[in-house]
Amino acid sequence: MAANTEAPSLDWAKGWTCVTFTRDLTAEEVLTRYGADPSRSRLLDAEQASELPTGNFANGAVSLLRSGRLGDWAFCIEEDGVIGSWPEPLAALSRDTETYSVLMTEGLDVFQYWRDGECVENFEPNMPDTDHTGAWRDRVDAALAAHEGENAGMAPVVALVLDHLGITLDDTAVAGSWPSLTFSEDDAPSTPRGNTYAGEGPVPPQPPTGN
């Protein structure tokens, strides 16, 4: 019988999301390097976590962070926020290790690779006017081109990274219970300033307003 070659479902990666993958950290260490207090986290599944208040409020933008570890890699899925694409948290996450970041918004998609506190690659996929070359650029653009017209968002890029890391983080896994908490942008290591983002490109847009 032929093997099942159907690709894992990654619907979670098609919406407004920022996900990071960091080698050899625990979920608690990841949350700490984002600037959050891991003792505030609760083990919640996706449905329970979706009930936490996020979005723009009087005291600033609030993200939902859900972190866990698969094999050698810790992940953090951020909904309604872009903290995981900022240079300060990425520098902290990648200190003495390496971190991948994939940002998906309505107005801006960004791929980043950081190692030992330094940005190695940072680009907007499929943007021909972006002056950037690197090991990941052609692979990312090819992955998106293969799914052109499918409304797949950055899911093909997330799938590419997951395959490279040798882990599975599909919709079933994401729906499970992981340490989860809400986190204000004001509490992150530092808010990006000026009109640049991680050294190049536009500042990521603000997250949508929560209910």
Please assess D24 against D72 for the test side chain to side chain contact (heavy atoms under 4.5 Å, CB included), listing each intermediate value before the final yes or no.
-> CA-CA 5 Å; D24 292 338; D72 293 333; 4.0 Å; yes

Assess whether side chain to side chain donor-acceptor pair (under 3.5 Å) is satisfied between T99 and T22, documenting all intermediate values.
-> CA-CA 4 Å; T99 299; T22 305; 3.0 Å; yes

Would you sort out whether V110 and N122 count as a side chain to side chain contact (heavy atoms under 4.5 Å, CB included), showing the intermediate values?
-> CA-CA 7 Å; V110 178; N122 173 15; 3.4 Å; yes

Check the pair L70 / F21 against side chain to side chain contact (heavy atoms under 4.5 Å, CB included), numbers first and verdict last.
-> CA-CA 10 Å; L70 299 167; F21 300 97; over 6 Å; no

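Counting only N and O atoms by type, the side chains of T20 and Y34 include a donor and acceptor under 3.5 Å apart. Counting only N and O atoms by type, the side chains of D37 and S39 include a donor and acceptor under 3.5 Å apart.
Note: E29 CD to S67 OG = 10.0 Å, rounded to the nearest 0.5 Å. Rounded to the nearest 0.5 angstrom, S63 OG and L65 CG are separated by 6.0 Å. A distance of 12.5 Å separates CZ of F75 from CG of L165, quoted to the nearest 0.5 Å. With values rounded to the nearest 0.5 angstrom, E51 atom CD is found 11.5 Å from L64 atom CG. For the atom pair CG of L93 and OG1 of T32, the computed distance is 10.5 Å after rounding to the nearest 0.5 Å. Rounding to the nearest 0.5 angstrom, the gap separating the CD atom in E118 from the CG atom in L90 is 12.0 Å.
For the pair E185/I83, a side-chain contact is recorded, criterion being any heavy-atom separation below 4.5 Å from C-beta on. In this structure the side chain of L44 never reaches within 4.5 angstrom of the side chain of S177, judged on heavy atoms. Side-chain contact between I77 and W178 is absent, with no heavy atoms from C-beta onward closer than 4.5 Å. Side-chain atoms of L169 and I167, non-hydrogen and from C-beta on, never get closer than 4.5 Å to each other.
Looking at every heavy atom in both residues, V158 comes nearest to A13 through CG2-CB, 3.9 Å. In plain terms, the two heavy atoms of V62 and P53 that are nearest each other are CG1-O, 3.8 Å. Heavy-atom minimum distance, S94 versus G117: OG-N, 3.0 Å. Closest approach of Q112 to C119, counting heavy atoms only: OE1-SG, 4.3 Å. What you find for P125 and L144 is that their closest heavy atoms are CB-CD1, 3.4 Å. Taking every heavy atom of both residues into account, D45 and A175 meet most closely at CB-O, 3.3 Å.
Crowding of R115 atom CZ: a count of heavy atoms from other residues, nucleotides or ligands under 6.0 Å not exceeding 12.
Between the side chain of E121 and the backbone N or O of A135 there is at least one donor-acceptor pair closer than 3.5 Å. A donor-acceptor pair is defined here as one N or O able to donate and one able to accept, closer than 3.5 Å; such a pair exists between the side chain of E78 and the backbone of G84. Side chain of T17 to main chain of M104: no donor-acceptor pair is present (N/O by atom type, distance under 3.5 Å, no hydrogens or angles). Not a single donor-acceptor pair under 3.5 Å links the side chain of R95 to the backbone N or O of R33. Looking only at distances, a side-chain donor or acceptor of S184 sits under 3.5 Å from a matching main-chain atom of D186. With W16 contributing its side chain and V82 its backbone, the two residues share no donor-acceptor pair below 3.5 Å. A donor-acceptor pair under 3.5 Å links the side-chain atoms of R69 to the main chain of G71, judged by distance alone.
When the options R40, R66, Q48, E79 are evaluated for a side chain to side chain donor-acceptor pair (under 3.5 Å) with S180, the one that passes is R66. Looking at L108, V102, L103, V19 one by one, the single match for side chain to side chain contact (heavy atoms under 4.5 Å, CB included) with S85 turns out to be L103.
In summary, the aromatic rings of Y113 and W136 are positioned with their centroids too far apart to meet the 6.0 Å limit.
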